2 protein chains.
Amino acid sequence: MSDYEHTCMIRGDGGRTIRAILDRICNKWTLLIVATLDQGRLRFGDLHQQVPGISQRMLTLTLRNLERDGLVSRTVHAEVPPRVEYALTATGKSLIPPALALAGWAIEHVPHIEASRTAYESRTAP
Amino acid sequence: MSDYEHTCMIRGDGGRTIRAILDRICNKWTLLIVATLDQGRLRFGDLHQQVPGISQRMLTLTLRNLERDGLVSRTVHAEVPPRVEYALTATGKSLIPPALALAGWAIEHVPHIEASRTAYESRTAP
DNA sequence: CGGCATCCGCCCGGATACTG
DNA sequence: CAGTATCCGGGCGGATGCCG
């Protein structure tokens with residue numbers, strides 16, 4: 001059986017479903033934060049440290065979106081100094097395997113892609 | 001063994017590898033075009049029809065990028081009227097399985113995500 | 001038929017500064 | 001510590017028009 005039937009999952013509804021997920025994970029940071037939270041429950045500051053290069057603003061925004069979509073839980077502890085912890089929900093954890101599939105593909109093929117890209121550039125822009 | 005080791009694939013180099021691939025497939029159309037081309041060799045016009053809502057400009061740009069990255073081959077036939085055909089390369093085809101993993105996740109979880117999102121909105125914006 | 005060129009609005013994301 | 005507020009530049013992507 002050809003792959004054609006399978007790709008109907010992607011093309012299915014005109015791409016609305018696949019784009020729904022792409023809209024969620026395709027920003028610059030989401031997948032990185034989800035992968036980091038796979039270690040377990042983490043505080044805001046810990047995430048800020050462990051995700052290199054992210055700004056406070058983007059960390060906050062991304063976490064809010066993840067919470068909104070039910071992929072991450074946010075628990076505020078009534079203490080001073082304040083302590084806020086983030087953790088993956090069941091839905092959030094379920095994103096890990098397909099994300100790993102993508103990461104695996106990336107690790108395997110990105111070098112070849114980069115090479116092809118460089119070759120293309122030198123062909124068109126001598 | 002925990003999932004922690006696995007997620008190192010994503011977090012690995014500070015997210016550079018995973019972002020390299022996200023930069024490629026996370027635009028609005030790439031994955032849809034790749035999935036459509038999985039049917040086999042297609043002409044520009046056919047793609048234009050089969051990918052609903054895409055503009056000529058975006059189809060051209062996306063195909064160029066895919067060609068540049070070695071995921072799609074472009075063959076021009078010296079005829080009148082001109083005929084240009086696009087097809088997936090081996091690398092391009094290899095993207096299908098992980099893409100399907102993502103699509104499967106989307107189909108399974110997007111309804112729940114939408115629900116969570118709606119609930120969140122009604123909670124914060126009465 | 002299969003493009004490329006141009007203009008333009010929008011939103012993502014970075015930098016910075018300020019609060020409870 | 002964990003945010004919120006504001007400003008701002010760049011690029012994505014839509015619409016339109018012209019070309020070989």
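For the numbers below, each heavy atom of this structure counts, side chains included, while hydrogens, waters and symmetry mates do not. Predicted model, so just to flag it, every value in this text is computed and none were measured. In what follows, chains carry the letters A, B, and so on, assigned in the order in which the sequence lines appear, proteins first and then strands, with residues in each chain numbered from 1.
Going from atom CZ of R74(B) over to atom C1' of dG2(C) covers 8 Å, rounded to whole Å. Regarding R83(A), its CZ atom lies at a distance of 13 Å from the P atom of dG3(D), rounded to whole Å. Rounded to whole angstrom, the span from the CG atom of L59(B) across to the P atom of dC4(C) amounts to 11 Å. In this entry the distance linking CD of E79(A) with C1' of dC1(D) reads 11 Å, nearest Å. Counting to the nearest Å, the P atom of dG3(D) and the CZ atom of R43(A) are 10 Å from each other. Atom CG of D23(B) is separated from atom C1' of dG11(D) by 12 Å (rounded to the nearest Å).
Taking the charged nitrogens against the carboxylate oxygens, E85(B) and R43(B) have no contact shorter than 4.0 Å, which rules out a salt bridge. Note on D69(B) versus R24(B): salt bridge recorded, some NZ/NE/NH1/NH2 to OD/OE distance being below 4.0 Å.
Shortest non-hydrogen contact noted between A106(A) and I21(B) is CB-CG2, 3.2 Å.
Under a cut-off of 6.0 angstrom, the local environment of NE2 in H112(B) is sparse, with at most 12 non-hydrogen atoms contributed by other residues, nucleotides or ligands.
Annotation: the span from L71(A) atom CG to N65(A) atom CG amounts to 10.0 Å, rounded to 0.5 Å. Taking CG of L88(A) as the start and OG1 of T36(A) as the end, the distance is 9.5 Å to the nearest 0.5 Å.
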Scoring nucleotides 12-20 of chain D by protein non-hydrogen atoms under 4.0 Å (B base, S sugar-phosphate only, - none) yields -BBB----B
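Residue pairs meeting the ring pair (Phe, Tyr, Trp, His ring centres under 6.0 Å) criterion with at least one partner in residues 65-109 of chain B, sequence neighbours excluded, are W105(B)-H109(B).
There is no path of hydrophobic side-chain contacts, each under 4.5 Å, that joins V110(B) to L66(A).
Contact check of residues 64-71 of chain B against DNA chain D (heavy atom, cut-off under 4.0 Å) returns no residues at all.
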